[in-house]
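Some notes on the structure that comes next.
This one's a predicted model, so the numbers in the text were calculated from it and none came from an experiment. Numbers restart at 1 for each chain; the letters A, B, ... are given by sequence-line order, proteins then strands. Excluded from the calculations below are hydrogen atoms, water molecules and symmetry mates; all remaining heavy atoms, backbone and side chain alike, are included.
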Protein chains: 2
Amino acid sequence: MKIGDLARHAGCTTETVRFYEKEGLLPAADRAANNYRSYGARHLERLRFVRNCRALDMTHEEIHQLLALMETAGADCGGVNELLDAHIQHVDLRIAELLQLKQQLDALRQRCQQQQGVDACGILLGLAEMEASARPERHTHLG
Amino acid sequence: MKIGDLARHAGCTTETVRFYEKEGLLPAADRAANNYRSYGARHLERLRFVRNCRALDMTHEEIHQLLALMETAGADCGGVNELLDAHIQHVDLRIAELLQLKQQLDALRQRCQQQQGVDACGILLGLAEMEASARPERHTHLG
DNA sequence: AAACACCTTGTAGCAACTTCAAGGTCAAGC
DNA sequence: GCTTGACCTTGAAGTTGCTACAAGGTGTTT
Ligand SMILES: [Zn+2]
Ligand SMILES: [Zn+2]
Ligand SMILES: [Zn+2]
Ligand SMILES: [Zn+2]
């Protein structure tokens, strides 16, 4: 299997595959005589796993940790559960932040009901007056 | 006012101030005899405005547009309202995406109720089996 | 032999900063 | 007068997860 085939089967691009190899998310492929990367079923499984994790918005670091946990033969899955719980918290936290943001934005939007001169626009006034309390540090990797 | 004072009054760092200047979000400062940047009340107002926009998760481009609209003397605020509405949609969309993600994650979490060998863990099985339908393009700048 | 699709490497770009390196300026303390 | 420390200057590189080249090698078809 060449890199393009692998990529197609996993629903990503060849560049992504090479990038994951560089990142250590995918083990280095064997090389054919012409120096082309050569893949088997194992690689496809692994790549699909990684892509599924990414579809769930896990970071490369989270995926790395998950892979390490999986590859510790005989280990139990407590670490896996913890990692997933932590990630779910990242999502919960970001949802809460965005809901709060949405409230602020709706309130701001209320301040202008009809078109008027920009000098009198309640939205612009609101943006000028807001006191964005010192930037809240980000506690989650979800933007 | 030196750059450090300005930054403190706006709740950001001097690096951020210099960065905004380079980005055109903040007009270039006057220079004192020693080549230090020198700021007045106008700059502080502007920087606070930009920071408030960022606190609402607007992009630099959105802020640029907003500033352009504001500085068109005599214009009405229709464009401002449109821009804010569009940004509110960005937030709404991301909230919807994250709520869906949360559902998927909760379902996955359900698949492992107690610790067991990693080979039998329902979470890892779930991650292997998932068929992440071709990556959904992002339609919003919110991560 | 030319066209075309595929592969290789390495580099640069995106957003919104942060961090670092190497150096210039200025007031205070000994 | 000389050092310490806090500030300022510039420019380059790192962050995250890719994407998009550029410049070239390979392989099959016509
Ligand atoms: Zn996470
Ligand atoms: Zn208005
Ligand atoms: Zn927006
Ligand atoms: Zn489990």
Side-chain angles (χ1 to χ4, degrees), chain A residues 1-26 28-39 43 47 50-65 87 90 94 132 134-143, chain B residues 1-26 28-39 43 47 50-65 87 90 94 132 134-143:
Chain A
M1 214 181 200
K2 285 191 285 183
I3 194 172
D5 303 326
L6 181 73
R8 264 183 296 276
H9 280 98
C12 67
T13 69
T14 58
E15 283 94 349
T16 303
V17 174
R18 279 190 283 259
F19 177 63
Y20 285 174
E21 178 181 320
K22 198 161 36 176
E23 290 282 285
L25 289 173
L26 205 55
D30 294 337
R31 296 296 180 131
N34 53 11
N35 195 32
Y36 287 8
R37 286 171 179 82
S38 174
Y39 295 99
H43 289 97
L47 178 53
V50 172
R51 289 261 89 194
N52 288 339
C53 289
R54 287 291 303 133
L56 298 177
D57 263 359
M58 292 186 202
T59 63
H60 283 190
E61 199 189 341
E62 285 169 332
I63 302 173
H64 262 302
Q65 289 170 11
H87 182 59
H90 302 159
R94 186 56 179 157
R135 72 266 170 74
E137 302 171 31
R138 26 182 93 276
H139 3 250
T140 169
H141 56 84
L142 297 139
Chain B
M1 215 182 195
K2 285 190 285 182
I3 194 171
D5 303 323
L6 181 73
R8 264 183 296 277
H9 280 96
C12 66
T13 69
T14 58
E15 285 92 350
T16 302
V17 173
R18 279 190 282 260
F19 178 63
Y20 285 174
E21 179 181 319
K22 199 162 31 177
E23 291 281 286
L25 289 173
L26 207 54
D30 295 337
R31 296 295 181 131
N34 52 12
N35 195 32
Y36 287 10
R37 286 173 179 80
S38 175
Y39 296 97
H43 289 97
L47 178 54
V50 171
R51 288 262 90 195
N52 287 339
C53 290
R54 287 292 303 133
L56 298 177
D57 264 357
M58 292 185 202
T59 63
H60 282 192
E61 200 190 339
E62 285 169 330
I63 302 172
H64 263 303
Q65 290 169 10
H87 182 58
H90 302 159
R94 185 56 177 159
R135 69 272 176 70
E137 303 171 30
R138 34 180 86 276
H139 3 249
T140 168
H141 56 85
L142 297 139

Short side-chain N/O contact to [N] OP1/OP2 from [X], under 4.0 Å:
X     : N      : result
B/T14 : D/dC7  : no
A/R18 : C/dT8  : yes
A/T13 : D/dT19 : yes

Completion exercise
Here the pair of heavy atoms bringing B/I3 nearest to B/T14 is CD1-O, 3.7 Å
Problem - Heavy-atom closest contact (A/R51 atom, A/G11 atom, distance) - result: NH1-O, 4.2 Å
Exercise for the section: Pick base, sugar-phosphate or nothing for B/R37, based on heavy-atom distances below 4.0 Å to the nucleic acid. Expected result: sugar-phosphate
How long is the straight-line distance from [atom2] of [Y] back to [atom1] of [X], given to the nearest 0.5 Å?
X      : Y     : atom1 : atom2 : result
A/T140 : A/D57 : OG1   : CG    : 9.0 Å
A/R54  : A/N52 : CZ    : CG    : 12.0 Å
B/S38  : B/H43 : OG    : NE2   : 8.5 Å

With the criterion being N/O to N/O and under 3.5 Å, what pairs connect the protein with nucleotides 25-28 of chain D, and how long is each?
residue: D/dG25; atom: N2; partner: A/Y36; partner atom: OH; Å: 3.0
residue: D/dT26; atom: O4'; partner: A/Y36; partner atom: OH; Å: 3.2
residue: D/dG27; atom: OP1; partner: A/N34; partner atom: ND2; Å: 2.9

Exercise for the section: Mark yes or no for whether A/E62, through its side chain, and A/T59, through its backbone, hold a donor-acceptor pair below 3.5 Å. Expected result: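 Yes; judged by distance alone, with no hydrogens or angles, the pair exists.
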Exercise for the section: Applying ring-ring contact (aromatic ring centres under 6.0 Å, His included), name anything that partners B/H87, two or more places apart in sequence or on another chain. Expected result: B/H90, B/H141
Practice task
Check step by step if ring pair (Phe, Tyr, Trp, His ring centres under 6.0 Å) holds for B/H60 and B/F19.
Solution key: CA-CA 11 Å; B/H60 282 192; B/F19 178 63; 5.8 Å; yes
Handout entry: Audit row: B/D5, B/K2, salt bridge (charged side-chain N to carboxylate O under 4.0 Å, His left out) steps and yes/no
Key = CA-CA 5 Å; B/D5 303 323; B/K2 285 190 285 182; 6.0 Å; no
N/O contacts under 3.5 Å, protein versus nucleotides 12-17 of chain D?
residue: D/dG17; atom: OP1; partner: A/H60; partner atom: N; Å: 3.4
residue: D/dG17; atom: O3'; partner: A/R54; partner atom: NH2; Å: 3.3

Exercise for the section: Report the end-to-end axis angle of the helix from C/dA1-D/dT30 to C/dC30-D/dG1; each axis comes from five terminal pairs, and the value is rounded to 10°. Expected result: 40°
Practice task
Walk me through it: do A/L47 and A/Y39 pass the test side chain to side chain contact (heavy atoms under 4.5 Å, CB included)?
Solution key: CA-CA 11 Å; A/L47 178 53; A/Y39 295 99; over 6 Å; no
Problem - For A/E21, salt bridge (Lys or Arg N to Asp or Glu O under 4.0 Å) partners two or more places apart - result: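 Salt bridge (Lys or Arg N to Asp or Glu O under 4.0 Å) check on A/E21 returns A/R37.
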Atom-to-atom span, [atom1] of [X] to [atom2] of [N] - whole angstrom:
X     : N      : atom1 : atom2 : result
B/R8  : D/dA6  : CZ    : P     : 12 Å
B/E15 : C/dA21 : CD    : C1'   : 13 Å
A/I3  : C/dA5  : CD1   : P     : 18 Å
B/R31 : C/dT25 : CZ    : C1'   : 14 Å

Problem - Minimum side-chain heavy-atom gap B/V17-B/L6 below 4.5 Å - result: yes
All N/O contacts under 3.5 Å from nucleotides 2-4 of chain C to the protein, with atom names and distances to one decimal?
none

